[in-house]
Amino acid sequence: MARYTGPLTKKSRRYGVDLVGGDAAFEKRPYPPGQHGRTRVKESEYRTQLHEKQKARYTYGVLEKQFRKYYESASRRPGKTGDNLLIALESRLDNVVYRSGLARTRRHARQLVSHGHFLVNGVKTNIPSFQVSKHDIIDVKTKSLETTPFIVARETHDQDTVPGWMDVSPDRGRILIHTQPVREQITLPIQEQLIVEFYSKI
């Protein structure tokens with residue numbers, strides 16, 4: 001699956017939000033990149049909506065074509081389209097691994113999933129976009145538990161950062177999904193209504 005592999009710090013500075021998580025370079029220079037980064041830019045409704053969409057895309061590591069499919073699927077489901085969109089993105093397997101604390105960043109989580117370190121309900125799953133559902137059980141493969149990434153994850157795991165819709169046992173490398181996330185549990189600084197407005201015009 002194609003993905004953006006360029007420098008995320010530049011994107012963080014462009015959109016004014018830490019897309020990586022704990023990005024020291026962004027915190028040091030929280031203004032847009034380039035020689036005109038500190039100059040005032042004329043805001044427009046379209047620009048604001050586009051930036052919000054791009055923030056969500058780069059946060060979850062999704063290219064435009066796939067992101068558009070997420071939006072179209074969200075618009076067909078009952079409920080608010082914006083909420084449905086963020087819940088679908090939050091339910092990606094790579095994001096679940098990141099939110100569980102078993103990976104440092106979403107990029108790191110994507111790599112771990114792609115390399116086949118996880119089982120979902122006992123079945124090896126190496127597709128980062130796999131949609132995790134209520135009552136799913138995600139396990140680190142037994143052989144993978146003693147590799148460096150998971151040893152570090154066990155030693156540095158912070159239970160307080162785990163969202164309420166999942167339960168994590170870092171020693172066993174197990175994630176239990178209690179229920180689907182709800183919008184209030186998604187703490188990203190994204191205004192999903194602006195994304196809906198953006199797509200409704202094109």
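On a predicted model such as this, the values are computed, not experimentally measured, just so you know. The analysis underlying the following values was restricted to heavy atoms, covering all of them including side chains, and did not include hydrogens, waters or symmetry mates.
The structure places CD of Q180 at 10.5 Å from CG of D136, a figure rounded to the nearest 0.5 Å. Between L85 atom CG and Q193 atom CD the span is 11.0 Å, to the nearest 0.5 Å. To the nearest 0.5 Å, atom NE2 of residue H135 and atom CG of residue L176 are 11.0 Å apart. Here NE2 of H115 is found 12.0 Å from NZ of K141. Values are rounded to the nearest 0.5 Å. Within the model, atoms OG of S144 and CG of D139 stand 11.5 Å from one another, a figure rounded to the nearest 0.5 Å.
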Note to self: Is there a side-chain contact (heavy atoms from CB on, under 4.5 Å) between R92 and V62? Walk through the geometry before answering.
What the structure shows: CA-CA 11 Å; R92 286 171 55 98; V62 179; 3.8 Å; yes
Note to self: Please evaluate residues K201 and E45 with respect to the criterion side-chain contact (heavy atoms from CB on, under 4.5 Å), reporting the C-alpha separation (whole Å), side-chain torsions for both, the decisive distance (0.1 Å), and the verdict.
What the structure shows: CA-CA 12 Å; K201 293 177 181 177; E45 186 178 62; 2.8 Å; yes
Note to self: Go through it in stages, so that I can follow the logic: the residues are V140 and R174, the test is side-chain contact (heavy atoms from CB on, under 4.5 Å), and I'd like the CA-CA distance, side-chain angles, deciding distance and then a yes or no.
What the structure shows: CA-CA 6 Å; V140 178; R174 170 166 284 190; over 6 Å; no
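Closest heavy-atom contact between S91 and P181: OG-CD, 3.7 Å. In plain terms, the two heavy atoms of R154 and D171 that are nearest each other are CD-CA, 3.6 Å. Residues N95 and L89 share a closest heavy-atom pair of CB-O, 3.9 Å. In terms of heavy-atom proximity, R110 sits nearest to G61 at NH1-O, 3.1 Å. Nearest heavy-atom pair across P149 and H108 is CB-NE2, 4.1 Å. The two residues D94 and Y60 make their nearest non-hydrogen contact at OD2-O, 4.5 Å.
A donor-acceptor pair is defined here as one N or O able to donate and one able to accept, closer than 3.5 Å; no such pair exists between the side chain of S114 and the backbone of Q111. Using modelled atom types, no side-chain atom of E52 and backbone atom of Q49 make a donor-acceptor pair closer than 3.5 Å. With D83 contributing its side chain and K80 its backbone, the two residues share no donor-acceptor pair below 3.5 Å. Of the possible polar contacts, one joining the K55 side chain to the P189 backbone as a donor-acceptor pair under 3.5 Å is found.
The existence of a salt bridge linking E192 and K53 is excluded, since no basic side-chain nitrogen approaches an acidic carboxylate oxygen closer than 4.0 Å. Salt-bridge annotation for E72 and R68: present, with a side-chain N of the basic residue lying under 4.0 Å from a carboxylate O of the acidic one. Between E64 and K69, no side-chain nitrogen of the basic residue sits less than 4.0 Å from a carboxylate oxygen of the acidic one, so the salt-bridge criterion is not met.
Scanning for side chain to side chain contact (heavy atoms under 4.5 Å, CB included) contacts around A88 gives Y70, R77, Q131, with sequence neighbours left out. Not counting sequence neighbours, N126 has no partner by the side chain to side chain contact (heavy atoms under 4.5 Å, CB included) test.
No side-chain heavy atom of I137 sits less than 4.5 Å from a side-chain heavy atom of V120. A 4.5 Å side-chain heavy-atom check between V96 and I138 finds at least one atom pair inside the cut-off. The closest side-chain heavy-atom distance from V113 to F130 is not below 4.5 Å. You'll find the side chain of I195 reaches within 4.5 Å of the side chain of I190, heavy atoms only. In this structure, L86 and R183 have side chains that are in contact, with non-hydrogen atoms separated by less than 4.5 Å. For the pair L119/T125, no side-chain contact is recorded, criterion being any heavy-atom separation below 4.5 Å from C-beta on.
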Identify each donor-acceptor pair in which a side-chain atom of residues 157-167 lies under 3.5 Å from a protein atom, sequence neighbours left out, and give them as a table.
residue: H157; atom: NE2; partner: S100; partner atom: O; Å: 2.8
residue: D158; atom: OD1; partner: D160; partner atom: N; Å: 3.1
residue: T161; atom: OG1; partner: D158; partner atom: O; Å: 2.8

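By the rule that hydrophobic residues join a cluster once side-chain heavy atoms approach within less than 4.5 Å of another member, I177 and L112 end up as members of one cluster. One hydrophobic cluster holds both I186 and Y71 under the rule that ILVMFWY side chains link at heavy-atom gaps under 4.5 Å.
Residues Y46 and F198 bring their aromatic ring centres within 6.0 Å.
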